[in-house]
Every structure is written in structure tokens, then in C-alpha cells.
Protein chains: 4
Amino acid sequence: MSADKKEHIILTAIDLFATKGFEGTSIREIAAAANVNLAMINYYFGSKEKLFESIIEYKASHSRVALEELVQDTSLSPIQKIDATIDGYIDRLFGHRNFHRLIQQELITHTRTTLQTHIVNNIIYPNSRAISHIIEEGIQKGDFKEVDPRLTTITLVGTINQILLSTRYCSKMLSNSDDPDYNPYEDESVKNRVRNHLKLLLHEHLLKK
Amino acid sequence: MSADKKEHIILTAIDLFATKGFEGTSIREIAAAANVNLAMINYYFGSKEKLFESIIEYKASHSRVALEELVQDTSLSPIQKIDATIDGYIDRLFGHRNFHRLIQQELITHTRTTLQTHIVNNIIYPNSRAISHIIEEGIQKGDFKEVDPRLTTITLVGTINQILLSTRYCSKMLSNSDDPDYNPYEDESVKNRVRNHLKLLLHEHLLKK
Amino acid sequence: MSADKKEHIILTAIDLFATKGFEGTSIREIAAAANVNLAMINYYFGSKEKLFESIIEYKASHSRVALEELVQDTSLSPIQKIDATIDGYIDRLFGHRNFHRLIQQELITHTRTTLQTHIVNNIIYPNSRAISHIIEEGIQKGDFKEVDPRLTTITLVGTINQILLSTRYCSKMLSNSDDPDYNPYEDESVKNRVRNHLKLLLHEHLLKK
Amino acid sequence: MSADKKEHIILTAIDLFATKGFEGTSIREIAAAANVNLAMINYYFGSKEKLFESIIEYKASHSRVALEELVQDTSLSPIQKIDATIDGYIDRLFGHRNFHRLIQQELITHTRTTLQTHIVNNIIYPNSRAISHIIEEGIQKGDFKEVDPRLTTITLVGTINQILLSTRYCSKMLSNSDDPDYNPYEDESVKNRVRNHLKLLLHEHLLKK
DNA sequence: GATGAATGAGTATTCATTCAT
DNA sequence: GATGAATGAATACTCATTCAT
């Protein structure tokens with residue numbers, strides 16, 4: 001099968017899984033939505049579960065986070081790294097919100113434990129730890145106050161996740177909108193507002209006066 | 001059927017739905033786990049979906065949030081209300097984390113739109129709005145800075161949600177533990193740490209110097 | 001489900017499995033032939049494999065062989081026991097030839113090893129050993145010659161099995177018939193011929209002159 | 001395709017079919033085990049069923065039984081022919097037991113009727129009839145008693161078949177062994193024992209005193 | 001001639017739900 | 001009111017086979 005077709009199936013599956021959940025999506029639906037033969041999905045991915053794993057793998061390799069490099073960049077001050085992290089996170093997660101929701105769902109439930117361990121150990125935790133390292137570096141350098149680096153990281157990540165959690169909730173909270181067609185994640189003013197809020201919040205929390 | 005039995009089924013279902021997702025849980029499993037007849041669940045709740053709605057309803061009525069009252073309490077200052085909110089949220093959500101995860105799952109996915117609208121409109125949004133009101137009150141009174149009340153609310157709620165998201169992630173982040181049997185949510189030191197972090201964070205963010 | 005219906009399914013399945021093999025028979029076919037709902041078979045037997053096991057169990061309990069008693073019967077001489085065994089075997093196996101073929105198929109193939117072990121250890125081997133015991137008793141008593149008891153048993157059992165193996169082969173060999181509708185197993189003259197042959201053969205082989 | 005490759009596929013298929021049955025074996029498995037392309041099997045043999053037929057054909061032509069010649073050999077007495085038959089059968093069938101089991105399976109079940117007819121008419125029955133002819137010749141010559149030639153043949157063939165039926169049964173009966181790795185068919189002492197038993201048995205049965 | 005890719009029809013099994021009692 | 005039995009529709013998956021290259 002062409003790599004294109006494989007990618008097409010994966011992208012289709014991400015949207016469906018994100019929208020209806022893993023168990024709530026049948027490979028029939030995926031096949032229909034991707035306009036490919038039902039048997040081919042099993043033929044090429046092996047099983048529904050392996051398709052899921054392929055999605056994780058695909059995304060992990062295609063949207064590799066630049067956080068590690070950021071941590072080791074010596075040309076930036078800690079607070080500049082925090083700002084860059086906020087900007088990068090918002091751009092990336094808002095853009096890939098369906099995949100992000102997929103991951104969130106997988107983390108909430110306790111089925112497929114080994115896959116979950118993989119996601120935490122190789123995707124989620126490394127990112128969070130990188131942010132924590134930046135904060136620890138700032139503390140060490142004397143730029144930042146003696147905050148709780150892990151919980152500060154969780155606040156940063158959690159704020160964005162809370163926004164991405166539900167379109168409906170986000171629309172109501174940030175735009176007072178009940179319009180089901182309004183997409184707050186592609187509204188630049190919303191993104192800017194989130195960026196400013198997080199930067200303000202973390203500057204106050206981290207920087208010594 | 002006795003109300004007790006009904007409650008028993010609901011509590012059993014919450015745990016299963018939270019752990020395996022709505023579509024990932026069969027009413028057979030619920031019947032077996034609750035030790036009741038399979039047909040009885042349909043007989044009393046009507047359908048699997050209606051059982052889900054009953055869970056929402058039951059929880060909404062049994063753990064009604066005291067936030068509305070808090071907002072209107074004139075004996076407390078805004079920052080005292082914020083502190084009380086943090087304490088209350090942590091206690092309540094950590095204690096009912098399975099139901100909370102259930103709600104989160106429902107919000108992430110887009111199936112059962114009307115139920116989701118119900119949850120957002122009647123449970124999640126009112127709570128968030130109440131917190132926002134407290135912040136707005138603090139701004140109006142001149143106690144708080146001119147922050148973004150909605151996003152500050154989202155930070156408060158999102159931080160706790162991020163912690164509740166995944167036991168595994170939480171254990172690694174807050175206790176450096178890979179032990180699958182360790183339950184961070186019943187570790188008082190973890191709860192205290194979260195409380196202190198959030199209060200420090202929000203005091204800095206909200207209070208004028 | 002009524003025991004009758006369960007039995008009906010089992011009897012239908014025996015015929016189909018015997019005719020088309022285990023993997024060659026679908027539970028769809030069984031359901032159709034037994035005129036029951038497809039899902040009910042899985043509902044009551046658990047799986048196709050468990051249905052197979054139920055067949056074994058059912059037959060084992062319904063056609064318990066009287067061989068053990070025969071062995072310990074002190075009123076009969078060893079050669080009388082051999083004759084009784086021949087008569088009993090022919091009647092029973094000719095009558096239940098489809099179940100018998102089922103067992104044979106299961107023994108030839110090496111799938112479902114544990115079930116096969118069960119069949120050999122609990123059904124086939126005990127019967128053969130009982131016959132061997134009779135022969136050993138005859139040798140010990142001085143009635144029989146010093147033959148190989150195990151191989152003599154195999155000859156007895158193998159002769160009958162060879163006849164039951166294939167209707168077509170049996171018809172050609174014993175009746176010179178190519179008529180596909182002719183059933184040699186319900187032809188009394190065939191049964192008699194087999195009985196006489198086996199008795200003559202074994203008398204010569206076993207009895208001292 | 002080279003004849004070698006074709007033969008390789010056939011030999012691989014014999015083992016798989018014998019072990020797991022015709023319907024229990026997929027051509028995918030055969031392709032994988034023979035290390036050839038899946039499509040090639042269909043391409044060269046036409047279909048799974050035709051592959052089966054090719055196996056029959058291949059074996060029939062490669063292990064053509066010398067029985068016909070034996071019958072017409074005038075230099076041997078009837079009892080010498082019987083002895084030669086016993087020796088030849090044991091050697092050949094023990095050596096090709098997988099192919100033999102394949103044939104047995106095909107005879108037990110009633111699927112593929114025309115193929116079965118072919119096997120009976122062209123392979124099994126001619127062999128059995130040849131043996132019967134030897135016996136009839138012995139009777140005619142006055143060497144043998146007036147036994148039932150057909151049933152005596154069945155006893156000869158049936159005894160060997162019963163031994164070949166199941167490794168497990170054979171091991172338990174002839175070696176009191178439960179060791180799954182023990183192969184009684186390559187144990188020379190077992191073969192000798194069978195030879196001696198059959199010769200003794202048939203000499204007594206056939207030869208006039 | 002040989003084969004990777006594709007597919008329609010099939011498999012066993014599980015599901016939520018209904019119904020007769 | 002309560003429940004064992006039953007069922008139609010769906011599930012993931014596998015199959016032998018075909019076909020374009």
C-alpha cells in the first residue's frame with residue numbers, strides 16, 4: 001500500500017477516534033470514511049489496536065517536540081524558554097487537537113495498560129519533564145523563585161488541556177458562544193488571549209521581583 | 001427495586017465507565033459486577049444510555065457544589081472565597097475522581113451531543129462561571145488585579161484536571177513513582193502540595209501588591 | 001434453555017462436525033440445521049470450541065461404556081468377556097458412528113491439544129486398557145496364549161474403526177456396492193459378518209488349542 | 001516455477017494439512033511455512049482444493065504401491081506375499097504417516113465427495129483388493145482356511161491405521177509413555193513388535209494347521 | 001512469469017435489547 | 001415486579017481469490 005494511503009487511513013482514524021473514542025469507532029466506519037476496503041485496514045495494520053499504535057508512532061515521529069533542544073539552548077534565558085514553550089505548545093496542540101484528545105482519552109481510561117505506559121513514558125512525561133527542567137534551571141540560576149517545578153509544569157499543561165478538552169466548554173467560557181459551528185481553536189484572538197494569560201501568570205509566579 | 005440497589009448499580013457503573021469508557025463497558029459487565037440481573041438494568045434504567053444519564057443526574061443531585069452559596073456569601077473576602085474554592089475542589093474532585101473522569105471522557109468525545117450539552121450547561125459551565133464571578137467580584141472591589149477571569153478559572157480547574165487525568169502521569173510527576181499500586185490521590189502530602197501551589201499561584205496572580 | 005434444545009443442538013452438531021470436520025463446520029450452519037438462533041449457541045455453550053467439549057462431555061456421560069464392569073465380572077470366562085466386548089463395541093460404535101468419527105478426526109489432527117489429551121486419557125485409552133486387562137487376565141489364568149495384549153486390543157479396535165472410517169470404502173469392501181444411498185452400518189448381515197470375523201480371529205489368536 | 005519448488009510446497013502442505021486439517025490450514029500459512037509467495041500457490045495450483053488434489057496425485061505417482069506386482073509374483077507363496085505386504089505396509093505408512101493421516105481425514109469427512117471417490121476408487125480400494133486377492137489366492141490354492149478375505153484385509157489395514165491414528169494414543173498403548181516428544185513411529189522396537197504381532201495373528205488366522 | 005496489493009464474502013463472537021413467563 | 005431465555009444487528013477479523021503491474 002502506498003505510504004500516502006496509509007497516512008490517509010491514519011489521519012481519518014485520528015479524527016474518528018478523537019470524536020467517538022476508540023471502542024466507539026468501528027473499523028467499518030474508518031474504512032468507509034477513508035474510502036478504503038475494510039479488510040485492508042486489518043491487512044495492513046494487523047488489528048484495530050495495532051492501528052491505534054501506528055497512529056501514536058506516526059504522530060510521535062511526525063511532530064517530534066522541539067522541547068529537548070529548547071532546554072539545552074544556551075542563548076536563551078529561562079524565562080525566554082518558558083515563553084517559547086507556551087507559544088510552541090499552543091500552536092502545536094491547538095493545531096493537532098484531535099490527536100491530542102485521542103491521547104487524553106487513552107490516559108483517562110485504564111484499558112490497554114502497556115500502550116498507556118508507552119504514551120506516558122515516551123510522549124507525555126518527557127515533555128513535562130523538559131518544562132520542569134527549564135524551571136529548575138531558572139531557579140538554579142537565581143532568575144526564578146523557589147516554586148514547585150512539577151506543579152508549575154502541570155499548571156501550564158493543564159490550562160491548555162482544559163481549553164482543548166471540549167469545544168463547547170471552550171466556546172462558552174472564552175467567547176460566550178453557543179454556536180456549534182464556531183471553532184475557537186482557529187480564532188487567533190483566542191490563541192493570543194491564552195498566550196498572554198499564561199505568560200502573565202507564569203511570569204508573576206516564576207520571576208523574582 | 002430498592003433505591004439502594006439502584007444506587008449500587010450506579011456506583012458500580014461509574015467505576016466501570018470511568019475505567020473502560022462508555023462503549024468499552026457492557027451492561028453485562030455492570031450486571032455481573034453489581035451482582036444484579038442483566039435484564040433488570042434495562043428494565044429500570046431503560047437503556048445503557050439512560051443509565052449513563054441517570055449517573056449524571058444522581059451525581060448532580062448528590063454532590064451539588066456549594067459554589068453558588070460561596071459566591072453570595074458576604075462574610076468572606078474574594079481571596080478567601082478563592083481559597084475555599086481551591087480546598088473544596090481538591091477535596092471533592094480527588095474523592096470523586098472516577099465520576100470526574102467519566103465527565104471528562106464525555107466532554108472529549110462528540111457522541112451523545114445532547115447529553116454533553118446538558119453536562120456543560122448544567123454542571124461544568126455553572127461551576128466555572130461561579131469561580132469567574134468570584135474573581136470578577138474581587139476585581140470590582142479593587143482587591144484583585146485586572147486579570148482575565150475566565151482564563152484564570154480555566155487555570156484553576158485545568159491544573160486539578162491535569163492531575164486527575166492519569167494516575168500514572170500523576171505518580172511520575174508528583175512522586176517519581178512507577179509503582180502501579182501507588183495511589184497519589186489518597187496521599188495527603190500530594191493534596192497539600194497541590195493546595196499550596198494553587199493558592200500561591202493564584203494569590204500572586206490575583207492580589208494587588 | 002431447555003435440556004431438550006441443548007441436546008438437539010449437540011446432536012445436530014455431532015452430525016455436522018462428523019461430516020464436515022470441526023473447522024469445516026460453521027456455527028451458522030449448526031444454528032440453521034438445528035433451527036435455533038445463531039447467537040444462542042454462543043450464549044449457551046460459550047464458544048464453538050466449548051460446544052465441541054460439551055459434545056464430548058454429553059456423549060461420555062450418556063454412553064458410558066460397560067467395559068469396566070465387564071472386566072470385573074467373575075461369572076464370565078475371559079473369552080466370554082472378549083466375545084461380549086466385540087458384540088458391545090460393534091453395536092455401540094456402529095450406532096454412534098458419527099460421534100465416533102468426530103473423535104477420530106480430533107485424534108488425527110494436532111489442534112486443541114488439551115482436548116485431545118482429555119479424549120485419549122479419559123475415553124479412548126481407558127477403554128483400550130480395559131480390553132487389554134481382559135486379555136492379560138486370560139493369559140494369567142492360562143486360558144490364553146502369551147500374545148501381545150496391547151496390540152491384540154489395537155487389532156480389535158482398529159478393525160472396527162477401519163470399517164467405520166468411510167461409508168464408501170466399507171460399502172465397496174463388504175458389499176461390492178457403489179450405491180451412495182446404501183448404508184452398510186444398518187445392514188444386519190454386515191454387522192454379523194464383522195462379529196463372526198472378529199470372534200474367529202481372536203479365538204484363534206488367544207485360545208490355547 | 002521449478003518442479004522442486006512445487007514439490008516443496010506440496011511437502012509443506014502435507015504436514016500442515018495432516019496436523020491441522022484441510023479447513024484448519026490457510027494457504028497463507030502454507031505460503032509462510034514454505035517460504036513462497038502467497039499468490040504463487042493459487043497461481044500454480046489454481047486453488048486450495050486443487051492443491052489438495054495435487055498432493056494426492058503427487059503421492060500416488062511417487063509412492064506407487066508395489067502390491068499389484070506382488071499379487072502376480074509367482075515365485076512367492078501366498079503367506080510369503082502376506083508377510084511381504086505386512087513389512088511393506090508398515091515401512092511405507094509409518095514413513096509417510098502425515099500423508100496417510102491426510103487421506104484418513106479426507107475419508108472420514110464427507111466434503112469434496114468427488115475427491116473422496118477418487119481416493120477410494122484409485123488408492124485405498126485397489127490396495128485393499130490386492131491384499132484380498134492374495135488371500136483368495138491362498139484359499140484357492142488350499143494354503144489358507146476359508147476365512148473372510150475382505151474382513152481379514154480390513155483387520156490388517158485397520159491395525160496399522162489404528163496405530164497411526166494418534167501419536168498420543170500409540171505412545172500410551174505401546175510404550176506407556178506420556179512424553180509428548182516421544183515419537184513411537186521412529187522407534188524400531190515398536191515397528192518390530194507390530195510386524196511380529198500381525199504376522200503371528202494372520203498366520204494363525206490364515207494357515208491351515 | 002511472478003507478486004504486492006486489494007477485496008468480497010466469510011468467520012466466530014458480543015452486543016444491547018426484548019419478551020414470555 | 002423481576003428474570004431467564006432469546007435474538008437481530010453489530011463487532012473485529014480472516015479467508016481464498018483476483019488482478020494490475
Colleague: Using whole Å, report how far CE of B:Met40 lies from C1' of E:dT18.
Modeller: 16 Å
Colleague: With a 4.0 Å cutoff (strictly under), does any side-chain N or O of A:Lys5 reach OP1 or OP2 of E:dA6?
Modeller: yes
Colleague: What's the spacing between C:Lys6 NZ and C:Asp4 CG if we round to 0.5 Å?
Modeller: 12.5 Å
Colleague: Could you state the interatomic distance from NZ (A:Lys50) to OG (A:Ser47), rounded to the nearest 0.5 Å?
Modeller: 5.0 Å
Colleague: Just the atom pairs and distances: protein N or O near nucleotides 9-13 of chain F's N or O, under 3.5 Å.
Modeller:
{"from": "F:dA12", "atom 1": "OP1", "to": "A:Thr25", "atom 2": "O", "distance (Å)": "3.4"}
{"from": "F:dA12", "atom 1": "OP1", "to": "A:Ile27", "atom 2": "N", "distance (Å)": "3.3"}
{"from": "F:dA12", "atom 1": "OP1", "to": "A:Lys48", "atom 2": "NZ", "distance (Å)": "3.2"}
{"from": "F:dA12", "atom 1": "OP2", "to": "A:Ile27", "atom 2": "N", "distance (Å)": "3.3"}
{"from": "F:dC13", "atom 1": "OP2", "to": "A:Asn42", "atom 2": "OD1", "distance (Å)": "3.4"}
{"from": "F:dC13", "atom 1": "OP2", "to": "A:Lys48", "atom 2": "N", "distance (Å)": "2.6"}

Colleague: Working to the nearest 0.5 angstrom, can you tell me the gap between B:Asn122 CG and B:Glu57 CD?
Modeller: 11.0 Å
Colleague: Distance check needed: F:dA5 C1' versus B:Asn37 CG, whole Å only.
Modeller: 11 Å
Colleague: Looking only at heavy atoms, which two atoms of B:Ala18 and B:Asn98 are closest? And how far apart?
Modeller: CB-O, 3.2 Å
Colleague: To the nearest 0.5 angstrom, please state how far the CD1 atom of A:Ile56 sits from the CG atom of A:Leu115.
Modeller: 5.5 Å
Colleague: Nearest whole Å is fine: how far is F:dA16 C1' from D:Ile9 CD1?
Modeller: 16 Å
Colleague: Can you check the C:Phe45 CZ to F:dA5 P distance for me, whole Å?
Modeller: 13 Å
Colleague: Hey, what do you get for CD1 (A:Ile119) to CD1 (A:Ile103), rounding to the nearest 0.5 Å?
Modeller: 4.0 Å
Colleague: Where are the stems of DNA chain E, defined as at least 3 consecutive Watson-Crick or wobble G-U pairs with both distances under 3.5 Å?
Modeller: E:2-21 with F:2-21
Colleague: Could you tell me whether A:Glu7 atom CD has more than 12 heavy atoms of other residues or ligands within 6.0 Å of it?
Modeller: yes
Colleague: Please state how far atom NZ in D:Lys20 lies from atom C1' in F:dT14, giving the value in whole angstrom units.
Modeller: 13 Å
Colleague: Check each residue of residues 108-117 of chain B for a non-hydrogen atom within less than 4.0 Å of any atom in DNA chain E, then write out the ones that pass by number, or none.
Modeller: none
Colleague: Looking at C:Phe22, is C:Lys48 sitting on its ring face, NZ or CZ under 6.0 Å from the six-membered ring centre and within 45 degrees of the normal?
Modeller: yes
Colleague: Report the nucleotide, chosen from E:dA6, E:dG8, E:dG1, that has the shortest atom-to-atom distance to any side-chain atom of D:Tyr43.
Modeller: E:dG1
Colleague: Please check the phosphate of E:dG4 (OP1 and OP2 only) for any side-chain N or O of A:Tyr44 closer than 4.0 Å.
Modeller: no
Colleague: In whole angstrom, what separates D:Phe17's CZ from F:dA16's C1'?
Modeller: 12 Å
Colleague: If we ignore hydrogens and angles and just use 3.5 Å, is the side chain of A:Gln105 paired with the main-chain N or O of A:Leu102 as donor and acceptor?
Modeller: no
Colleague: Applying salt bridge (charged side-chain N to carboxylate O under 4.0 Å, His left out), run through D:Glu23 and D:Arg112 and close with a yes or a no.
Modeller: CA-CA 12 Å; D:Glu23 350 276 337; D:Arg112 294 176 290 280; 3.2 Å; yes
Colleague: Give me the atom names and distance for the closest heavy-atom approach of A:Asp15 to A:Thr19.
Modeller: O-OG1, 2.6 Å
Colleague: Over how many whole Å does the gap from B:Lys50 atom NZ to E:dT18 atom C1' extend?
Modeller: 14 Å
